[in-house]
Each structure stands twice: as C-alpha cells, then as structure tokens.
Number of protein chains: 2
Amino acid sequence: MDCLDQARPLGAHAGCSHHVKGEDCRLCLIRPLSVCSALEPDEWASLEKISTDVRFEERETLVREADDVVSLYTITAGVVRLVRTLHDGRRQLTGFALPGDFLGLSLERTWTFSIEAITPVTACRFGRATLMEYVDQKPHFLMRLHEMATHELSLAQDHMVLLGRLTAEEKLGAFLLEIRRRWARIEGHKSDHIPLPMGRQDIADYLGLTIETVSRTINQMQRAHHLVIVPDGVRLLNTGYFEHLCP
Amino acid sequence: MDCLDQARPLGAHAGCSHHVKGEDCRLCLIRPLSVCSALEPDEWASLEKISTDVRFEERETLVREADDVVSLYTITAGVVRLVRTLHDGRRQLTGFALPGDFLGLSLERTWTFSIEAITPVTACRFGRATLMEYVDQKPHFLMRLHEMATHELSLAQDHMVLLGRLTAEEKLGAFLLEIRRRWARIEGHKSDHIPLPMGRQDIADYLGLTIETVSRTINQMQRAHHLVIVPDGVRLLNTGYFEHLCP
DNA sequence: GGTATGGTTTGATCTGTATCAATGCGTGTC
DNA sequence: GACACGCATTGATACAGATCAAACCATACC
C-alpha cells in the first residue's frame, strides 16, 4: 500500500538544516525519497538546470492559499505546514511536509492551501512552466507524480477517518505513529524518540482539536507512562499501547 | 479551480437508471462528464473494446476494501458510497460517486475503500491491465487521470476542513450545497430540489456525526423554513441562508 | 386488514471536548 | 537579576453533540 516507503534510507537526520544539494543533484541526500527518484542519473543534469536551492526562515510563508502557482518545491531540510483558513480564523492543517516531500503535485494554476515554514527550511525550487514541459516530455515522470498524488489521496482518506471518527486519545496516538513512521523513512530506522518541531496549536489544528485538549491528552499519556515529553518532542515508552490504540 | 465543471451538461436527470450506453460510446450520455472526455471520437472505439456495461442492485458491494483492483468503473447511473470501516465497526464515508464519476484513479494494486451501491447502479467497467496499457500509450489520458486525482485531493482537503472545524449545522449546509452542485453538473442546471438517495446514516458517516444529529439538524432547518423535506430529498427555500452558513 | 421491517424522528440524559481563565516555564534582552 | 514574550499546562465550567430509549411512519408482505 505504501509504495513511497520503498526508497532507500538516509544515514543522517534530515530534520535539521544542513547542506543537502548545493546545486548538484548527484550529492542530494534526499533524492531517493523525492520525486527525483523516478529519474535516471543522466536525467538529473537536465533537472538540475531547471531547479534552484532556496531557503526560508522559521514562520516565513512559502505560498499563500489562492496564489498563482509559479514555483513547485521539494523540501530538502526542515518542516512546513499546509494550512487552510476559514474567513472567521478557524484553521485546519491538511498536512505537514518533511524532507523529501514534494509540494505542487496538482499542476493546477492556483494553490489550494498556504505553506508556512515551522523551522528554517531549505527547498529545491522548480519553475512551473519548465516542469510542465518536463512532464510532457517524460511520461514516466508524470506517472511518478500521479502515483504520489494518489498516495496523498489515500493518506487524505486516512485523515478523514481520524477527523470524523476517532477520539482525542486515538487522534494523538495515530498522529505520533504517523510522524514516527515518516521520520523513520527519512532516517532509515525506527526510533522511539519522535521530534515534534510543530507547536501544540499546529497539532491541534491538524487533528481537529483545541490546544488544551492536545496538551491534556499528551500529559495524560505521560502520567500513564506511555511516553515522556522531551524538549524537542516525545519519547515512546510503550509502543504497544499506541499500536493497540489505533482501531 | 473546478476544472471538472467545464464539461457540457446533460438534458436528463442522470440519477435515475436508464439506458445510457449500451456498448456504444457514441451514445453515452455521461461521456462529457467522465474521464472519456479526454479522448477524441476516433479513440472511443478503442475504449469501447476494453469496456463492458455492468449493473449492480441496491446494497450490492462493488468492491471491498483491501481487495485486489481487477476492474475500474465509471458510474453511468445511480449512486454509490465509498466506505472505510474501523475494526470496531465505526464507519467513515470518504465520498459518494454520482454518474460520470470514475472509480480507480489511483492505479494501485488494492482498493483503499469499499464501494457499495446506494441505488441500483449501472457502470462502465474497464479491466485494470488493459486500461494500464491504454494509459501507457496515451499520455494525455494519464494527464487527465492526474488532473482528476489532484482535483479529488483538493476536495478531500475541503472535507478535512469540514470534518475538523465545522459545526453540525455548517456540515449539513455544506453537504447540501455540495450535492446540489454535483446534481447541477449532471443535469445542466441548478435546482433548489436536491434528491438525496443516501440514507441519514450515510450522511452522518460522511459528515462525522450521528444519525440523530443529522435528523435533528435537518428538521431544525425545516422548522426555520430554510428548506422542506420531500420524499426523495429536500427542497431549499432560502439558499441565501445556506450560502451565508459556509464560512 | 393486520403486522413485521427498516429507516426516521423525537425526547431525556450524559459526556467528551470546548471554552474561559490563570498559572507556569523557558528563552532572550536589557 | 529582572522583565517581557511566547508557548504550554492546569483548573473550573459550559455546551454541542453523543448516547440511550421510545415512538413514528411508510412500505411490503401475508
């Protein structure tokens, strides 16, 4: 089911910001995780020509909902949130993007969500028009984009189940296992230590809860010795509890 | 934003079951709405060879979650629900498919949801393997599938906002306007009469509510003269109320 | 007609999560 | 050290929607 999880692992922790690519796709550490894994070595050079490295500071907005799509991005370091905002200020995060994640799958003219940097972020930027030409010339690249889009769709359906039918405790459990799985794909091995660069409010807006309920639930889990809260996230003590929690 | 809404309208109400195609794509009434609209007239013939008409009775299951994908479908008449079920029986509907909707966008090996007929259904069935060859030969057909998939993704994000952040009243309002918009696309004109072939439980499982809350909310709206409940659905009396409701 | 059946509506009550309101705590700055 | 600032936590209370239970209503069938 999770066809994207077959890419080879990285040695380093890609969550922190370090030199990843420097305009040379051959040295790119997250390539095996990214959309570029659909390409042959001789194609990297052509892709390199149409891409540039960019950097965003914490809290910076990469794109705003309803903006024209002028560039697409592969996150190479750091974490961003994908945000939908209602007129009265209510927020729903539709996802977090971690290193290796591609933003702009849809090839549509305008963005349907805002993208905001949670940490300092580096990304590989592609011009929309040039990437569109690239897509036209390489059907297997379009096929890869399509696979990624339908994978996203399946994850979106998972998240609908979470939002519509899970309790606060189940939501938090599913969230922690999801983030753990995604870090594991980047780092190459599963760890009980789960960095959570996003704040409690972001978690709440992702899970359809309030910040108070998120805080209370995590602290209850700590009191029950299922995890410990550490400065940059949590450490799971009882993974069985979390796996059993997910129905 | 809604690129799929550009197809030409149908004169008749496609919700009811009538002769639609009869193995002749040239006569297909829902073609302009469907994935087939990406094809030229001379390509219909080749598509016709790989498709067959099938019929399902009310409550019949077209496919089961986790089943291998052997066939893909375009609904030609009737309505189906897309269902995810948790181990303890909790259900979340991820969507309804109406005439013109294509099921199997993902091209993956297994289904990630069950598909169940709400009414008698006719569909145009394609073998997965033959359609995959077709996709390989016609890049513009793959492009069309990709557009449809990313459109679905955008709708899925809309639904996340609904599930995570709207009140029961807002959920019902958004649901009725969504269904109205979708019938309008099929019928060719907007009507205040909204057929609701799905039961209250299905609406509840789609909106992340209970059947009692759905019933109460709709009846409240009736008491407030925003709509009237009719045998096959509802009729909106005050569309302004519904449009104002959606934040 | 009677009566079983499946879905819908309505009422009474409960509860999980939101809301409102402090308090705590770590970090950076002067 | 003292103070401010931005989160996170904790407590008290309110309420939207869930749950439990019963009645209602249309349809189909004998």
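Residue numbering restarts at 1 for every chain, and letters A, B, ... go by the order of the sequence lines.
- The side chain of A/Leu209 approaches C/dT17 more closely than any other nucleotide in the set D/dT9, C/dT17, C/dT8.
- Backbone-only contact: B/Arg223 has heavy atoms under 4.0 Å from sugar-phosphate atoms and none from a base.
- With D/dG17, C/dT9, C/dC20 as the choices, the nucleotide that has an atom nearest any side-chain atom of B/Ile229 turns out to be C/dT9.
- No side-chain heavy atom of B/Tyr206 sits under 4.5 Å from any side-chain heavy atom of B/Leu162.
- Annotation for B/Arg64: atom CZ does not count as buried by contact number, only 12 or fewer foreign heavy atoms lying within 6.0 Å.
- Within the structure, a side-chain polar atom (N or O) of B/Thr213 is placed less than 4.0 Å from OP1 or OP2 of D/dA18.
- Rounded to an integer number of Å, the gap from A/Ile218 CD1 to D/dT9 P is 7 Å.
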### Audit row: A/Glu187, A/Arg185, salt bridge (charged side-chain N to carboxylate O under 4.0 Å, His left out) steps and yes/no
CA-CA 6 Å; A/Glu187 298 181 6; A/Arg185 193 170 95 85; over 6 Å; no
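- What separates CD of B/Glu212 from P of C/dA12 is a distance of 15 Å, to the nearest Å.
- Distances from the side chain of A/Asn219 to the nucleotides D/dT9, C/dT10, C/dT19 place D/dT9 closest.
- Taking the side chain of A/Arg216 as heavy atoms from C-beta on, and the options D/dG11, C/dT10, D/dA18, the nearest nucleotide is D/dG11.
- Summarising the geometry, the separation between CG on B/Leu196 and P on C/dT8 is reported as 11 Å, rounded to the nearest angstrom.
- Within the nucleic acid shown, B/Arg90 has no heavy atom closer than 4.0 Å to any nucleic acid atom.
- Here the P atom of nucleotide C/dT10 and the CZ atom of B/Arg200 are 10 Å apart, to the nearest Å.
- Counting to the nearest Å, the P atom of D/dC7 and the CD1 atom of A/Ile118 are 12 Å from each other.
- For D/dA18, the OP1/OP2 oxygens have a side-chain nitrogen or oxygen of B/Thr210 closer than 4.0 Å.
- If you check D/dT9, C/dG6, C/dT8 against the side chain of B/Ser215, the one that comes closest is C/dT8.
- Taking the side chain as every heavy atom from C-beta outward, B/Leu103 and B/Val63 never approach each other to under 4.5 Å.
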### Task
For side chain to side chain contact (heavy atoms under 4.5 Å, CB included), just list the numbers for A/Arg91 and A/Asp202, CA-CA rounded to whole Å, side-chain angles, deciding distance to a tenth of an Å, and then say yes or no.
CA-CA 9 Å; A/Arg91 285 197 330 164; A/Asp202 285 338; 2.8 Å; yes
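- A/Ile211 has its CD1 atom 13 Å from the C1' atom of D/dT10, to the nearest Å.
- The separation between A/Leu207 atom CG and C/dA18 atom P is 11 Å, rounded to whole Å.
- Taking only side-chain atoms of A/Ala168, from C-beta outward, the nucleotide of C/dA18, C/dT17, C/dT9 with the closest atom is C/dT17.
- Nucleotide C/dT8 holds its C1' atom 15 Å from the CD atom of B/Gln220, rounded to whole Å.
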